[in-house]
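Below: one structure, written as structure tokens.
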2 protein chains.
Amino acid sequence: MPKRATIQDVARAAGVSVTTVSRYLNGRYESMSENTREKIAAVIAELGYRPNALAKGLKAQRTETVGAIVVNMSYPFCVGFLRAFSRTLSAAGYHLMVAESEGDAKRERQLIESFVANRVEAIALQTSGANNDYLEDLAREMPVVLVDRAFALRNAYAIGTNNRDASREIAWQLFDLGYDCVVYLTEDERGIPTRTDRLEGYLDACRVALREPVVMRVRRGDPASFREALARVDACARKERTAVYTANGLVLMECYRPLRALGHKVPDAMGIATFDQPDWADLVDPPLTCVRQPVEEMGEAAGRIITARLRGEAVAAEVLVVPSTVVMRGSTGRG
Amino acid sequence: MPKRATIQDVARAAGVSVTTVSRYLNGRYESMSENTREKIAAVIAELGYRPNALAKGLKAQRTETVGAIVVNMSYPFCVGFLRAFSRTLSAAGYHLMVAESEGDAKRERQLIESFVANRVEAIALQTSGANNDYLEDLAREMPVVLVDRAFALRNAYAIGTNNRDASREIAWQLFDLGYDCVVYLTEDERGIPTRTDRLEGYLDACRVALREPVVMRVRRGDPASFREALARVDACARKERTAVYTANGLVLMECYRPLRALGHKVPDAMGIATFDQPDWADLVDPPLTCVRQPVEEMGEAAGRIITARLRGEAVAAEVLVVPSTVVMRGSTGRG
DNA sequence: CTGTTAGCGCTTTCAC
DNA sequence: GTGAAAGCGCTAACAG
């Protein structure tokens, strides 16, 4: 591995001082003869010189890099968010460092610290909530944006959706469509506000509709937990018109097939609905009724807030709620 | 924004020299009294000190960061690859910087250069092929891994799958299953070896089966191009048993619905198959026959090669082919 | 066991 | 127009 040319090498080869080269690099051509400029340009091209961003960052105290921590880069929410976030930042000249917390609070903490050590200029994360104190401190030093799990922290920004309202809305519509029993499938919601809110929304709807809530907790990757939930759905569907409503797209993906295999006619005997709009929502037949989360908008908003702040603009800390929309489709007999 | 404590601050507050603090930071406790150690630990905790990775990297000429450039982070291939890659690197203590080229060669070049400027220690990318000369040079200075589009460059690694063989295999099976006409839908393959290979595989199969190839080129995002292709499929299907075979999952996703809307019975009158295994492959009815690309294995392999190289191990440049497998399912009447 | 010091590659006064 | 030199925060000889 040959070592890379430095500004020194360029200066030497061009017969000028590093100062002049530095000026050239930063586009301050006014203070430089046409001649030197061309000379430097030539040398740079010849040596394939690339300025060392580390040295520059060390001096300037700026890395032009921001960090993002998500639970799992392959989750649809994360994919959509990261992409929009990345595009926005990229357009503003920032680099993106990404990492996965796997939902583990300790790991999340380590990742944040190592991002800080790398002097990212801002952080966006889908936090577990366990590091909120630390994040609150951190938010005094750099822009911190909480995404999805929108905890309200001093000095930090939060971007989420109206989980409870949207969940209530879709659950209510299910009752309204004549499903007598709506079974709600969720992962353990402890400590995760999005899950709590969606559950609450469902419970709200049950209250208003004067129905008994049926909440089944499942664990993704644990078929037994799903079997139990499906058994419950089946039992209901044998007695009355039943709808299954899942707390997110991944849960539905994991049980969609067995759900259909129960044999109840969709949407008449059994309705299906989910929070999230999976990319396969209208490929299945009938297409899925779902809650569309504005994932891209969230990513863009996060990017906008961060770039604005890094540009030096004052942006008041706030909890931004980007509303979700209920999309009624054939899986619940309308749309 | 208060400015962060430096090693100097810690040294001063602990009443020792920066050297000692540096030693502490690097875990060389043997050369240090219990006392100093505790003192330093205390000061660090109190000041919330985090070493500056830039300064460290500048000195050590190591950033513990690697870069990845994909066409689009939301493409299933990229998602799967990035995730596996990220996990492998993360386990080895490396950070990941990601960027999207959007398939644009100029942008790709800029991204590579800016990664180089940031002194990433290695790069993995899904290249357009237009920067191969530059990449070949670069590969002399740092590990470069070409993913998906597996061009064979001197000193660089390439990881791909057996696109042609797998494509031939699935196309052949379609003929074998009794589909008289197999329509191949692809995006313009110019310069993109994966696409060329898959097309060649299809053509191979046609040759062997003594059938006339029917290749339709579509442009994602351009409904008109799809309408044309669908019309062709429809025309065939009215005459004989026809199968549609798409060059990747995104193409199929974009035409699956209208395809089904043609009304030909699947799989009897019309078979459906695709390269790639979309996550919805077995949610639709009948489940999809497809070619499963070992995306995760590719990501892991890329990560393994890079970590080995960065550990100083010699790894010969090579083109690694991780084989895909044909998965026969109901959409072609078997499985 | 601990400290002094010379850089790593770059930017930025301040001088000429 | 141009350059000398200090210093960003850290590591690693070398010296005690």
Side-chain angles (χ1 to χ4, degrees), chain A residues 1-41 43-44 47-65 114 116-121 141, chain B residues 1-41 43-44 47-65 114 116-121 141:
Chain A
M1 310 252 182
K3 71 143 77 80
R4 308 209 125 254
T6 73
I7 199 172
Q8 302 276 3
D9 302 330
V10 176
R12 198 156 26 233
V16 296
S17 75
V18 293
T19 314
T20 305
V21 179
S22 173
R23 288 200 181 102
Y24 172 88
L25 293 174
N26 293 286
R28 287 200 289 284
Y29 304 131
E30 354 42 282
S31 47
M32 197 176 318
S33 73
E34 182 92 354
N35 228 318
T36 2
R37 182 162 90 212
E38 283 164 5
K39 183 67 187 157
I40 295 177
V43 171
I44 287 182
L47 267 49
Y49 167 76
R50 288 281 111 200
N52 184 330
L54 288 169
K56 183 167 169 176
L58 179 58
K59 180 67 187 170
Q61 301 285 29
R62 301 200 45 207
T63 55
E64 306 192 319
T65 297
S114 94
V116 169
N118 278 276
R119 298 299 188 266
V120 297
E121 297 185 39
E141 306 179 13
Chain B
M1 309 252 183
K3 75 142 79 75
R4 307 208 127 256
T6 75
I7 198 173
Q8 302 276 4
D9 301 331
V10 176
R12 198 157 27 232
V16 297
S17 75
V18 293
T19 314
T20 305
V21 179
S22 174
R23 288 200 182 103
Y24 171 88
L25 293 174
N26 294 288
R28 288 200 289 282
Y29 305 132
E30 17 7 305
S31 47
M32 198 178 315
S33 72
E34 182 90 356
N35 229 318
T36 4
R37 184 162 90 213
E38 284 165 5
K39 182 65 187 157
I40 294 177
V43 171
I44 287 182
L47 267 50
Y49 167 76
R50 288 282 109 200
N52 184 331
L54 288 168
K56 181 167 171 176
L58 179 58
K59 178 67 185 171
Q61 300 285 32
R62 301 199 47 208
T63 55
E64 306 192 319
T65 297
S114 95
V116 168
N118 278 277
R119 297 300 188 267
V120 298
E121 297 185 40
E141 307 179 12

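Numbered from 1 within each chain, the chains take letters A, B, ... in sequence-line order.
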In whole Å, I'd like the distance from the [atom1] atom of [X] to the [atom2] atom of [N].
X: B:Arg119; N: C:dC8; atom1: CZ; atom2: P; result: 14 Å
X: B:Glu64; N: D:dT11; atom1: CD; atom2: P; result: 11 Å
X: B:Gln8; N: D:dG7; atom1: CD; atom2: P; result: 12 Å
X: B:Gln61; N: C:dG9; atom1: CD; atom2: C1'; result: 8 Å
X: A:Arg12; N: D:dG3; atom1: CZ; atom2: P; result: 14 Å

CA sep, side-chain torsions, deciding dist, call: B:Ile44, B:Tyr24, side-chain contact (heavy atoms from CB on, under 4.5 Å):
CA-CA 11 Å; B:Ile44 287 182; B:Tyr24 171 88; 3.5 Å; yes
Side-chain heavy atoms of [X] within contact of [Y], under 4.5 Å:
X: A:Asp9; Y: A:Thr6; answer: yes
X: B:Glu141; Y: B:Val116; answer: no
X: A:Lys56; Y: A:Leu25; answer: no
X: A:Asn118; Y: A:Thr63; answer: no

Annotated protein contacts, base or backbone, on nucleotides 1-6 of chain C with a non-hydrogen cut-off under 4.0 Å, one of B, S, - each:
SBBBB-
Give a yes/no answer on whether the side chain of A:Ser22 brings an N or O atom under 4.0 Å of OP1 or OP2 in C:dC10.
no
Candidate nucleotides D:dT11, C:dT11, C:dC10, ranked by approach to the side chain of B:Asn26 - the nearest
D:dT11
Out of curiosity, A:Arg119 CZ to A:Leu58 CG, how far, rounded to the nearest 0.5 Å?
9.5 Å
Identify, residue by residue, the members of residues 47-58 of chain A with a heavy atom below 4.0 Å from DNA chain D, and return them in order of residue number, or none.
A:Leu58
Going by the rule salt bridge (charged side-chain N to carboxylate O under 4.0 Å, His left out), which residues pair with B:Glu34 if we only count those two or more places apart in sequence or in a different chain?
B:Arg37
Could you check whether any side-chain N or O of A:Asn26 sits under 3.5 Å from a backbone N or O of A:Arg28, counting only pairs where one atom can act as donor and the other as acceptor?
no
